[in-house]
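Inspection log for the structure reproduced underneath, given as structure tokens.
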Amino acid sequence: VQLQASGGGLVQAGGSLRISCVASGVAISQYATGWIRQPPGKEREFVAAISFSGDTNYGVSVEGRFTISRDDAKNTVYLEMNSLKPEDTAVYYCAADLNYSTSRRTDNYRYWGQGTQVTVSS
């Protein structure tokens with residue numbers, strides 16, 4: 001499984017951004033896919049996950065602002081981020097695993113893509 005994240009950038013507080021994760025080698029719909037972020041100088045933090053059946057769950061700090069979705073035809077998982085805050089600044093990683101039940105754990109994921117930097121200015 002290879003994952004390629006893209007779409008990060010610089011955005012002002014209150015703005016929106018959508019980042020993408022394209023999978024190759026397998027159908028991403030067969031996996032639980034998550035977004036995990038790492039703010040500068042901090043530990044990795046769970047952001048959101050989507051199961052193979054489309055169930056979703058979110059980290060407390062992003063609930064109601066971020067939306068994870070999947071386009072099976074494009075083999076891509078998205079993270080739509082709205083009402084962005086400076087504390088959302090981080091490197092965002094997409095990751096995949098067969099296990100969705102523990103998807104909130106950052107050590108749950110077997111496959112990782114490279115990160116994409118999201119910077120929110122105040």
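Computation of the quantities below employed the complete heavy-atom set of this structure, encompassing side-chain atoms and omitting hydrogens, waters and symmetry-equivalent molecules.
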One should read off an interatomic distance between Ser51 OG and Arg70 CZ, to the nearest 0.5 angstrom, of 7.0 Å
Before you tell me yes or no, could you show the steps for Gln117 and Thr89 under side chain to side chain donor-acceptor pair (under 3.5 Å), namely the whole-Å CA-CA distance, both residues' side-chain angles and the distance that decides it to 0.1 Å? CA-CA 8 Å; Gln117 175 71 46; Thr89 294; 5.9 Å; no
Under the criterion side chain to side chain donor-acceptor pair (under 3.5 Å), I'd like the reasoning laid out for Asn57 against Tyr100: C-alpha separation, chi angles, the key distance, then a yes or no. CA-CA 10 Å; Asn57 72 100; Tyr100 178 72; 2.8 Å; yes
Please find the pair of heavy atoms, one from Glu45 and one from Pro39, that lie closest to each other, and give the distance. OE1-CG, 4.5 Å
Value rounded to 0.5 Å, distance of CD in Gln12 from OG1 in Thr119: 13.0 Å
Do we get Arg44 above Tyr93's six-membered ring, with its NZ or CZ under 6.0 Å from the centre and within 45° of the axis? yes
For Ser69 and Arg18: C-alpha separation, side-chain torsions, deciding distance, then whether side chain to side chain donor-acceptor pair (under 3.5 Å) applies. CA-CA 11 Å; Ser69 62; Arg18 188 179 77 165; over 6 Å; no
With a 3.5 Å distance limit and no angle check, can you tell me whether Arg37 reaches the backbone of Val91 through a side-chain donor-acceptor pair? no
Less than 3.5 Å apart, any donor N or O on the side chain of Asn108 or Ser103 sitting next to an acceptor on the other? no
Taking all atoms of both residues into account, what is the closest heavy-atom pair of Arg110 and Asp97, and its distance? N-OD1, 3.0 Å
Shortest non-hydrogen contact between Phe52 and Ser29, atoms and distance: CB-O, 2.8 Å
Compare all side-chain heavy atoms of Cys94 with those of Trp112 and state whether any distance is below 4.5 angstrom. no
Any chance the side chains of Asp71 and Thr76 put a donor and an acceptor closer than 3.5 Å? no
Rounded to the nearest 0.5 Å, what separation is found between the OG atom of Ser6 and the CD atom of Gln114? 8.0 Å
Measure the CZ-CD1 distance between Arg105 and Ile36 for me, rounded to the nearest 0.5 Å. 12.5 Å
Considering all heavy atoms, the nearest Ser122-Ala13 contact: CA-CB, 4.3 Å
In terms of heavy-atom contacts, Lys42 and Gln38 come closest through O-NE2, 3.1 Å
Which residues end up grouped with Leu79 if you chain together Ile, Leu, Val, Met, Phe, Trp and Tyr wherever their side-chain heavy atoms are less than 4.5 Å apart? Val1, Leu3, Val11, Leu17, Ile19, Val26, Ile28, Tyr31, Trp35, Val47, Ile50, Tyr58, Val62, Phe66, Ile68, Val77, Met81, Leu84, Tyr92, Leu98, Tyr111, Val118, Val120
Interatomic spacing from CZ in Arg65 to OG in Ser83 - rounded to 0.5 Å: 7.0 Å
